[in-house]
Engineer: 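Quick one: the structure is below, and I'll ask about it shortly.
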Amino acid sequence: MTIDVSTKLNELKGLQTAAAVEEDVIDLRELWHVVLEHRRSIIAISFISLVLATLVAFSMKPVYQSSATLLIETGEKKVVSIEQVYSEAQQSREYLKTQYEVIKSKSLARKVIEKLNLTGHPYFVSNQAAADDQGLLDRLSSQLLPQSISVWLSAQDNSAQATTDAGITLGEISGGELLLRKVEKQFLSMMTVSPVKNTQLVQISFQATDKKLAALLANQVAQMYIQDQLNARLDMTNQANSWLSDRLGEIREKLRLSEDQLQDYRERENILQADGVPGLLSKQLEVLNQQLISAQQRLDGLRAAREQIAGIESVAYSDYLSIPAVLDDGLVSQLIKTASDRQQRLDALSQRYGPKHPEIIAASAELSTAESALNRHVMSVVNGIEHQYQLANSSATSIKQSLADTSQEMQIINRKQHQLGLLQREVEANRQMYKLFLNRIKETTEARDLNKSNARVVDEAIAALSPVKPKKKLIILVGAVLGLGFGIFLAFLFEFLNNTLKTAVDLEQRLSLPALGVLPITHHQLDELWHKVKVEPNSVYAEGIRSIRTGVVLSSLDTPHKSIMVTSSVPNEGKTNVACNTAINLSEMNRVLLIDGDLRKPTISKLFGLPRKANGLAELLAGSADQASCIHRWGDSELFILPSGAIPPNPLELILSNAFKSLLDDLAQEFTHLVIDTPPVSLVSDASYISTLTSGVIFVVQADATPVPVVNEALKQLHQSKARLLGGVLNQFDVQKHPRYGEYGNYAYSDSYYSENYGRG
């Protein structure tokens with residue numbers, strides 16, 4: 001099977017189209033194969049994460065939680081309706097959210113701290129000592145780190161903590177106040193306020209390593225909140241009563257002044273009732289606008305017709321028939337049709353009679369009459385367009401003036417209506433405000449002695465029996481899951497960054513190169529591989545070599561490939577190994593010549609145990625030795641070897657010579673197959689030229705080693721040389737790394753498979 005450049009390009013286009021169609025399809029089997037390939041690393045990372053999570057979980061101190069349940073009432077019955085005095089949102093969810101924030105406020109926390117004297121409590125004292133130790137660590141780090149870094153860190157810390165919420169510098173805060181703020185910060189970090197869904201209940205929870213302290217703090221915060229709300233309600237009632245009394249007199253005077261201003265404006269502008277006037281004027285403006293649009297459209301049409309008439313110099317009526325305004329006249333269209341019909345009748349009679357025939361004369365007279373009538377009417381229409389234009393212009397001007405007058409009148413009325421509306425709204429607003437304040441001052445006066453809390457404790461907090469933190473099982477499980485996820489992520493990351501060919505499927509999909517065979521990794525030396533193929537014919541390696549031979553034979557049954565070139569992208573990909581073993585396998589059935597075409601770094605003579613200075617290709621091309629002394633038979637087989645011979649100073653010149661081409665033609669007559677081992681394509685141009693003289697090329701790629709761009713560049717050079725690619729061979733394939741290989745499914749690549757199914761031969 002040969003591949004020329006056009007065929008190759010078509011295949012590439014086909015694969016690109018297929019890739020575009022299946023771009024969004026996720027192959028779960030491929031993802032699973034990636035996980036299997038990196039399973040050891042994934043398991044190792046998961047195990048390390050599991051161990052770390054276990055150590056962290058068992059090193060943490062147990063933390064206990066106690067909760068007090070508080071009921072915050074929003075719909076309780078009142079003696080009077082005074083809810084809005086205390087809170088405008090008391091009947092909504094926003095009120096409850098506000099109360100939750102009040103419970104978490106710093107002011108309430110500070111009241112509890114001062115009442116329980118928590119600044120001297122051993123629990124908080126020990127934690128503050130730990131914080132001081134952290135400060136000691138900071139000082140030590142400033143001594144150990146370079147001066148520039150420590151100065152920068154100090155500047156950052158000072159800029160973040162230089163001022164308090166009130167704008168006071170830390171230097172102005174006393175030691176007691178600073179300690180109180182630290183305890184306050186720790187106190188709030190221990191507290192959690194959690195509303196119970198779809199209820200008016202809220203849980204106040206505290207977490208601490210001291211279980212009794214957690215219960216005490218939760219109960220104290222609940223009690224302090226209730227007392228704080230009672231005090232706040234009483235203060236708000238007194239403040240509201242005083243403020244309402246002061247504001248009522250001001251609002252009464254403001255209402256009187258606004259009413260006087262409204263009445264003065266009505267008398268000055270002589271406004272009685274004008275509610276319907278703006279509506280009538282709006283309708284009139286709408287009608288005038290429609291009339292103006294119609295008049296302007298008619299005027300534009302007549303102006304265009306007038307300009308067209310002025311541009312016609314001839315007096316013939318037919319020249320005016322191209323003007324749309326003339327053609328739009330119904331009688332003109334009728335007269336044109338009449339003249340056309342009589343012309344057609346005259347033309348028909350002219351074909352039958354002579355010019356002096358009575359019917360011809362009559363038809364001519366009728367045609368003249370029709371044309372005269374058409375001429376007169378056309379000229380009449382043309383003359384009337386000017387008159388119509390003048391009338392339309394006058395009409396449009398009149399409508400514009402009426403529109404301007406109506407608009408001005410409308411603006412005057414709108415300004416009066418606007419000012420009147422402002423005064424009316426001000427009077428109404430002042431009146432409503434006066435009524436509201438009058439009612440509220442009565443309510444606050446009657447509710448002065450009302451002092452009922454909006455909250456009560458439903459359940460008091462008790463000391464917990466078991467800790468809530470740490471959740472060791474969860475920490476260990478999360479650590480294991482995170483380790484597994486991170487390991488899988490790294491596996492896919494490495495797989496994404498790995499730009500090499502891993503399986504034979506990659507040869508076909510990424511290079512559009514048929515896969516002739518896959519050769520596994522072997523620990524044998526090059527000179528031992530042929531022995532492995534002979535002694536262990538049922539091994540994976542031997543089967544791969546036979547697969548290459550089969551692919552070469554089946555690629556062209558009608559015209560067998562005489563000369564086969566074996567090459568690769570870069571050195572050390574195993575091309576010489578593939579060439580030698582392919583030649584050995586082909587020699588089992590035919591007479592085969594193995595040619596060492598690498599005149600720069602030959603290895604075949606050493607591989608087959610030939611003398612170091614044995615004559616070969618270089619001497620044969622130079623004419624210093626004959627063919628009999630250069631070609632060596634390998635044992636009793638049908639394999640003959642043509643080594644490179646002495647390394648010439650100009651290898652490429654020998655390859656480009658006509659003697660080399662003629663030699664290949666002559667050898668093709670003597671041997672069934674010629675197998676040529678050439679230098680790598682990417683290094684020198686020897687292989688590119690030799691490919692033009694051979695009937696097929698076997699391209700060798702090392703698995704998990706050669707980057708795809710390097711292989712593509714080598715294939716590009718071969719395509720430019722119009723090489724006939726038989727296919728690719730994936731060499732040094734790691735069976736252990738790829739336990740399930742591509743399209744073969746459960747067909748495991750291992751020597752045990754062959755030994756169990758085919759035996760050792």
Engineer: Below 4.5 Å, heavy atoms only, C-beta onward: do Ile72 and Tyr95 meet side chain to side chain?
Structural biologist: yes
Engineer: Quick one: does Leu201's side chain get under 4.5 Å of Val458's, heavy atoms only?
Structural biologist: yes
Engineer: Taking all non-hydrogen atoms of both residues, which atom of Phe124 and which atom of Val183 are closest, and how far apart?
Structural biologist: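 Phe124 and Val183 have their closest heavy atoms at CD2-CG1, 3.8 Å.
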Engineer: Quick check: are there more than 12 heavy atoms from other residues, nucleotides or ligands sitting under 6.0 Å from CZ of Phe489?
Structural biologist: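 Counting neighbours around CZ of Phe489, 12 or fewer heavy atoms of other residues, nucleotides or ligands fall under 6.0 Å, so no.
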Engineer: Please name the pair of heavy atoms, one in Gln200 and one in Glu73, separated by the smallest distance, quoted to 0.1 Å.
Structural biologist: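 For Gln200 versus Glu73, the nearest heavy atoms are OE1-CA, 3.5 Å.
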Engineer: Near Met224 CE, under 6.0 Å, is it more than 12 heavy atoms from other residues, nucleotides or ligands?
Structural biologist: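 More than 12 heavy atoms, drawn from other residues, nucleotides or ligands, come within 6.0 Å of this atom.
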Engineer: Can you confirm whether Ile226 is buried at CD1, in the sense that more than 12 heavy atoms of other residues, nucleotides or ligands lie under 6.0 Å from that atom?
Structural biologist: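 Yes, CD1 of Ile226 has more than 12 neighbouring heavy atoms, counting only those of other groups under 6.0 Å.
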Engineer: Would Ile476 and Phe58 count as a side chain to side chain contact (heavy atoms under 4.5 Å, CB included) here? Give the steps.
Structural biologist: CA-CA 10 Å; Ile476 295 173; Phe58 282 93; 4.1 Å; yes
Engineer: Check the pair Val202 / Gln99 against side chain to side chain contact (heavy atoms under 4.5 Å, CB included), numbers first and verdict last.
Structural biologist: CA-CA 10 Å; Val202 58; Gln99 299 309 309; over 6 Å; no
Engineer: For a quick test of reading the model, state the closest non-hydrogen atom pair linking Glu184 to Ile113 and the distance between them.
Structural biologist: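 Smallest interatomic distance, heavy atoms only, reads CA-CD1, 3.5 Å.
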Engineer: Any chance you could measure Gln220, atom CD, to Leu217, atom CG, to the nearest 0.5 Å?
Structural biologist: 8.5 Å
Engineer: Grab the two heavy atoms, one from Thr209 and one from Pro62, that are nearest each other, plus how far apart they are.
Structural biologist: CG2-O, 3.5 Å
Engineer: Taking Ser49 for its side chain and Gly479 for its backbone only, find out whether a donor-acceptor pair lies under 3.5 Å.
Structural biologist: yes
Engineer: Contact between Lys185 and Leu188 at the side-chain level, heavy atoms closer than 4.5 Å - yes or no?
Structural biologist: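 No, every pair of side-chain atoms sits at 4.5 Å or beyond.
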Engineer: Determine, step by step, whether Met60 and Lys469 satisfy the side chain to side chain contact (heavy atoms under 4.5 Å, CB included) criterion, reporting the C-alpha distance in whole Å, the side-chain angles of both residues, the deciding distance to 0.1 Å, and the verdict.
Structural biologist: CA-CA 8 Å; Met60 297 173 65; Lys469 293 180 181 179; 5.7 Å; no
Engineer: Among Leu50, Val51, Leu52, Val56, find the one that has a side-chain contact (heavy atoms from CB on, under 4.5 Å) with Thr54.
Structural biologist: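 With Thr54 as partner, Leu50, Val51, Leu52, Val56 yield a single side-chain contact (heavy atoms from CB on, under 4.5 Å), made by Leu50.
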Engineer: Pair Arg431, Glu428 - check salt bridge (Lys or Arg N to Asp or Glu O under 4.0 Å), show working.
Structural biologist: CA-CA 5 Å; Arg431 185 178 291 115; Glu428 184 62 25; 3.2 Å; yes
Engineer: Quick one: are the ring centres of Tyr64 and Phe206 less than 6.0 Å apart?
Structural biologist: no
Engineer: Using a 6.0 Å cut-off, check whether atom CG of Leu465 has over 12 heavy atoms from anything other than its own residue.
Structural biologist: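 Result for CG/Leu465: open.
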Engineer: First locate atom OG of Ser46, then atom CZ of Arg39, and finally report the distance between them rounded to the nearest 0.5 Å.
Structural biologist: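 Reported value, rounded in 0.5 Å steps: 14.0 Å.
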Engineer: If you define the side chain from C-beta out and look only at heavy atoms, does anything of Gln207 sit under 4.5 Å from Met190?
Structural biologist: no
Engineer: Is the backbone N or O of Ala215 less than 3.5 Å from a side-chain atom of Asn219, with the two atoms forming a donor-acceptor pair by type?
Structural biologist: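 Here the side-chain-to-backbone pair exists.
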Engineer: If you look at every heavy atom in Ile45 and Gly487, which pair is closest and at what distance?
Structural biologist: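 Ile45 and Gly487 have their closest heavy atoms at CD1-CA, 3.9 Å.
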Engineer: Quick test of your reading of the model: are Lys97 and Glu101 salt-bridged, counting only N-O distances below 4.0 Å?
Structural biologist: no
Engineer: Hey, could you give me the CD1/CG distance between Ile251 and Leu436, rounded to the nearest 0.5 Å?
Structural biologist: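 Answer for the CD1-CG pair, Ile251 versus Leu436, is 8.0 Å.
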Engineer: Leu108 and Ile103: which non-hydrogen atoms are nearest, and at how many Å?
Structural biologist: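 Where Leu108 meets Ile103 most closely, the heavy atoms are CD2-O, 3.5 Å.
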Engineer: Run Leu484 and Ile43 through side chain to side chain contact (heavy atoms under 4.5 Å, CB included) and show every step you take.
Structural biologist: CA-CA 7 Å; Leu484 179 62; Ile43 294 174; over 6 Å; no
Engineer: Nearest 0.5 angstrom please: Gln227 CD to Leu230 CG, how far?
Structural biologist: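 One gets 5.5 Å once the value is rounded to the nearest 0.5 Å.
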Engineer: Apply salt bridge (Lys or Arg N to Asp or Glu O under 4.0 Å) to the pair Arg110 and Glu177, showing each step before the final yes or no.
Structural biologist: CA-CA 11 Å; Arg110 178 161 294 200; Glu177 176 65 19; 3.2 Å; yes
Engineer: Does the side chain of Ser205 come under 3.5 Å of the side chain of Thr192 through a donor N or O and an acceptor N or O?
Structural biologist: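 Absent: no donor and acceptor within the cut-off.
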Engineer: Determine whether Lys254 and Glu426 satisfy the following criterion, salt bridge (Lys or Arg N to Asp or Glu O under 4.0 Å), listing intermediate values before the conclusion.
Structural biologist: CA-CA 10 Å; Lys254 188 175 181 180; Glu426 185 177 0; 5.7 Å; no
Engineer: Measure the CZ-OG distance between Arg425 and Ser258 for me, rounded to the nearest 0.5 Å.
Structural biologist: 13.5 Å
Engineer: When you compare the side chain of Val63 with that of Pro467, does any pair of heavy atoms fall below 4.5 Å?
Structural biologist: no
Engineer: Considering only heavy atoms from C-beta outward, does the side chain of Ile488 approach that of Leu490 to under 4.5 Å?
Structural biologist: no
Engineer: Has Ser66 got a side-chain atom pairing as donor or acceptor with Ile462's backbone, closer than 3.5 angstrom?
Structural biologist: yes
Engineer: Quick one: does Phe486's side chain get under 4.5 Å of Leu482's, heavy atoms only?
Structural biologist: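 Answer no - side chains too far apart.
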Engineer: Report yes if some heavy atom in the side chain of Phe187 is under 4.5 Å from a heavy atom in the side chain of Leu118; otherwise report no.
Structural biologist: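 Yes; the side chains approach each other to less than 4.5 Å.
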